Number of protein chains: 2
Amino acid sequence: MSRDDHPLSKLVRKLESRAPLSDGDRAAILALPFAERTYEAPAYVLREGEPAKKHCSFVISGLAFRQKLAATGARQIVSIHMAGDVLDLQHLFLNRADHSVQALSRLETAEIDRAALQDLVLERPTIGRAMWIDALIDASIFREWVLNVGRRDAKARVAHLLCEVSVRMEAAGLNDGQGYHLPLTQEQLGDAVGLTSVHVNRTLKALSELGLIRRDKRHVRFDDLDRLKVAADFSALYLHLDQSRAPAE
Amino acid sequence: MSRDDHPLSKLVRKLESRAPLSDGDRAAILALPFAERTYEAPAYVLREGEPAKKHCSFVISGLAFRQKLAATGARQIVSIHMAGDVLDLQHLFLNRADHSVQALSRLETAEIDRAALQDLVLERPTIGRAMWIDALIDASIFREWVLNVGRRDAKARVAHLLCEVSVRMEAAGLNDGQGYHLPLTQEQLGDAVGLTSVHVNRTLKALSELGLIRRDKRHVRFDDLDRLKVAADFSALYLHLDQSRAPAE
DNA sequence: CGACTCGTTGAGTGATATCAAACCCGGTGG
DNA sequence: CCACCGGGTTTGATATCACTCAACGAGTCG
């Protein structure tokens with residue numbers, strides 16, 4: 001297996017996009033004990049209320065999402081994840097899962113030994129820093145979602161989600177910023193932005209009619225992402241994509 | 001100054017509620033360089049878009065909140081903070097603020113040197129673990145807020161916020177679980193739960209009429225917090241208050 | 001060819017927003 | 001001591017965005 005074929009090389013790449021690593025760091029990450037595992041949608045990777053598992057799932061390919069349930073049975077998706085994300089980074093040091101994680105499409109993961117990952121994060125400052133940044137960016141995304149769901153109207157909400165996924169995919173090298181395949185049903189889209197599937201349908205139609213998106217099944221294309229960003233009130237600041245550069249003055 | 005008077009002793013206590021610390025850890029925390037600083041509401045502690053400061057603000061007393069703005073000018077409060085919270089833990093390793101932090105009442109803080117705090121977190125595994133837990137719980141709260149704002153109706157939303165603040169205050173030793181003084185205007189309450197101040201007013205009235213809360217100015221009292229929790233769809237799981245105990249099986 | 005899931009559309013409803021006015025209360029200054 | 005002021009609260013009337021219910025179409029799978 002060549003170095004780039006190593007399943008954890010994607011984790012190395014991701015962390016290096018957050019903070020510089022040494023050769024030793026890279027080797028330590030690649031030496032982590034793990035097992036590959038594939039989930040088919042809509043399999044659960046983690047269930048709300050479960051005690052922490054012995055491993056952490058890292059996404060090699062495919063999409064997944066986090067969700068929480070209200071007492072009424074209503075579902076809220078709280079984030080979407082793609083190749084390079086550590087799915088249970090949010091639970092790395094917590095005893096019990098406060099939300100579920102489900103596969104959205106065929107999901108290839110590396111299940112990394114949790115204790116070993118904890119050690120690496122705590123014992124190696126440079127890796128720790130990169131992981132901190134990653135976890136803090138996750139949290140920043142949650143905050144943006146609170147704003148999205150709390151204070152934007154339907155068109156902006158849906159458009160914002162489309163922008164976020166596009167920008168994050170592009171940053172992860174998964175699309176060209178012109179469009180992508182989003183395997184979310186309109187029901188799930190609604191659960192992500194706090195709307196009904198019916199209203200998502202009408203909202204997507206409206207965005208199409210405005211010329212902001214073009215759809216074909218679950219493929220979404222944008223001719224002019226900038227216009228969509230304006231409609232979505234989207235600013236990439238909260239994604240902190242520039243972390244690897246020197247601190248701003 | 002006796003040990004308990006030390007402004008950072010509250011930070012020690014908070015971290016010990018998250019994970020065990022050694023004597024050396026405690027000493028290292030108390031040895032952090034800091035300066036006390038008081039803010040009067042509604043002063044800004046941090047502004048969205050600003051580059052990272054040279055220090056991190058730790059709350060000694062008083063309340064503060066985080067907020068983000070939409071392009072329309074709408075405001076969304078994304079969390080509320082009290083004594084024992086590190087306000088910019090969420091930015092500890094990020095270059096630029098993605099949200100603002102404002103004082104809600106007279107706010108006494110210790111401004112801890114950021115680089116020193118970073119070092120402590122990265123170099124001392126036990127402190128690092130406690131800080132990780134703290135940051136991950138913050139993130140868990142953001143997720144709960146996404147659910148709150150996205151999928152609960154007005155009564156449950158407002159009630160949920162009241163429950164969260166009560167439970168967190170009680171955990172921090174700031175109230176008895178029977179009620180408290182909440183220095184939020186109804187406008188701010190609305191900004192926290194994604195409603196209008198007018199609707200918050202009607203919702204509070206409805207909660208009073210249901211006998212779930214009693215109000216006198218900005219004092220809120222509950223005769224039966226359990227009933228309020230049911231109405232709020234509140235479960236404290238997401239606050240992870242049991243972290244200090246052994247991992248669940 | 002059912003049976004099922006997902007997407008689409010229409011009609012009616014409802015929860016929350018908006019607009020506007022009155023009220024309350026602590027503070028200030030004459 | 002009173003008049004006034006300003007921020008916050010309360011209430012009413014109306015508007016609107018998004019939800020609900022319901023039906024139908026298209027695609028897929030066994």
Side-chain angles (χ1 to χ4, degrees), chain A residues 40-42 70 72-77 102-106 148-162 181-210 213-220 231 233, chain B residues 40-42 65 70 72-77 102-105 148-162 181-210 213-220 231 233:
Chain A
E40 298 293 340
T72 57
R75 175 189 321 267
Q76 178 69 47
I77 293 178
Q102 258 180 292
L104 196 53
S105 58
R106 184 192 187 83
N148 200 37
V149 162
R151 286 300 189 207
R152 295 199 182 103
D153 66 15
K155 276 207 273 281
R157 276 189 222 184
V158 172
H160 195 278
L161 182 69
L162 295 178
H181 179 74
L182 184 66
L184 279 170
T185 64
Q186 293 181 358
E187 177 96 41
Q188 291 168 331
L189 218 39
D191 288 341
V193 296
L195 295 173
T196 301
S197 64
V198 172
H199 203 59
V200 166
N201 183 285
R202 297 191 222 271
T203 304
L204 287 171
K205 190 178 167 191
L207 291 174
S208 293
E209 284 167 356
L210 287 169
I213 63 175
R214 277 186 297 138
R215 292 184 298 151
D216 177 24
K217 306 282 174 71
R218 291 186 190 165
H219 261 89
V220 195
D233 184 20
Chain B
E40 299 294 340
F65 62 93
T72 57
R75 176 188 322 267
Q76 178 69 47
I77 292 178
Q102 258 181 291
L104 196 50
S105 58
N148 201 37
V149 162
R151 286 301 189 208
R152 294 199 183 104
D153 66 16
K155 274 207 275 283
R157 276 190 222 183
V158 172
H160 194 280
L161 181 70
L162 295 178
H181 179 75
L182 184 66
L184 280 169
T185 64
Q186 294 180 0
E187 177 97 41
Q188 291 168 331
L189 218 39
D191 288 341
V193 297
L195 296 172
T196 301
S197 65
V198 173
H199 204 60
V200 166
N201 183 282
R202 297 192 222 270
T203 304
L204 287 171
K205 190 179 168 191
L207 291 174
S208 293
E209 284 167 357
L210 287 168
I213 63 175
R214 278 187 295 138
R215 293 183 297 150
D216 177 24
K217 307 281 173 70
R218 291 187 190 164
H219 262 88
V220 196
D233 183 21

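Side chains included, hydrogens not; waters and symmetry mates left out as well; all remaining heavy atoms used. Below, chains carry the letters A, B, ... as their sequence lines are ordered, and counting in each starts from 1. Since the structure is predicted, the reported quantities are computational estimates derived from the model, not experimental observations.
- Residue B:Gly190 is classed as having no contact, given no heavy-atom separation below 4.0 Å to the nucleic acid.
- At a threshold of 4.0 angstrom between heavy atoms, the contacts of A:Thr185 are confined to the sugar-phosphate backbone, with no base atom among them.
- Going from atom CG of B:Asp216 over to atom P of C:dC25 covers 10 Å, rounded to whole Å.
- Running 5' to 3' along DNA chain D, contacts with non-hydrogen atoms of chain B at under 4.0 Å begin and end at D:dG8 to D:dA13.
- A heavy atom lying under 4.0 Å from DNA chain D marks the following residues of residues 198-210 of chain B, by number: B:Val198, B:Asn201, B:Arg202, B:Lys205.
- For B:Arg152, the salt bridge (Lys or Arg N to Asp or Glu O under 4.0 Å) partners two or more places apart in sequence, or in a different chain, are B:Glu144, B:Asp233.
- Backbone-only contact: B:Lys217 has heavy atoms under 4.0 Å from sugar-phosphate atoms and none from a base.
- Annotation: salt bridge (charged side-chain N to carboxylate O under 4.0 Å, His left out) contacts involving residues 184-194 of chain A, sequence neighbours excluded, comprise A:Arg75-A:Asp191, A:Asp191-B:Arg151.
- A:Arg157 contributes a side-chain N or O that, together with a main-chain N or O of A:Val193, makes up a donor-acceptor pair within less than 3.5 Å.
- Residues satisfying the salt bridge (Lys or Arg N to Asp or Glu O under 4.0 Å) test with A:Arg218, not counting sequence neighbours, are none.
- Applying the side chain to side chain donor-acceptor pair (under 3.5 Å) test to B:Arg215 and every residue at least two apart in sequence or in another chain returns nothing.
- Between A:His219 atom NE2 and A:Ile213 atom CD1 the span is 13.5 Å, to the nearest 0.5 Å.
- Nearest heavy atoms, B:Ala192 versus B:Leu161: CB-CD2, 4.1 Å.
- Qualifying side-chain contact (heavy atoms from CB on, under 4.5 Å) partners for A:Pro183, counting only residues two or more places apart in sequence or in other chains: A:Leu63, A:Leu104, A:Ser105, A:His181.
- Counting only residues at least two apart or in different chains, salt bridge (charged side-chain N to carboxylate O under 4.0 Å, His left out) contacts with residues 192-201 of chain A are absent.
- Direction of the helix axis in the helix from C:dC1-D:dG30 to C:dG30-D:dC1 shifts by 30° between the two five-pair termini, rounded to 10°.
- The side chain to side chain donor-acceptor pair (under 3.5 Å) test applied to B:Arg214 returns B:Asp223, not counting sequence neighbours.
- Residue A:Arg215 has no polar side-chain atom (N or O) positioned under 4.0 Å from OP1 or OP2 of C:dG7.
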Give the table of side-chain donor-acceptor pairs shorter than 3.5 Å for residues 199-210 of chain A, with sequence neighbours excluded, one pair per line with atom names and distance.
from, atom 1, to, atom 2, distance (Å)
A:Asn201, ND2, A:Gln186, OE1, 2.9
A:Thr203, OG1, A:His199, O, 2.6
A:Ser208, OG, A:Leu204, O, 3.1

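- Among the protein residues, A:Arg157 comes within range of no part of the nucleic acid, since none of its heavy atoms lies under 4.0 Å from any strand.
- Where A:Gln186 and B:Ala154 meet DNA chain C, the nucleotide closest to each residue was compared, and A:Gln186 sits on the side nearer the 5' end.
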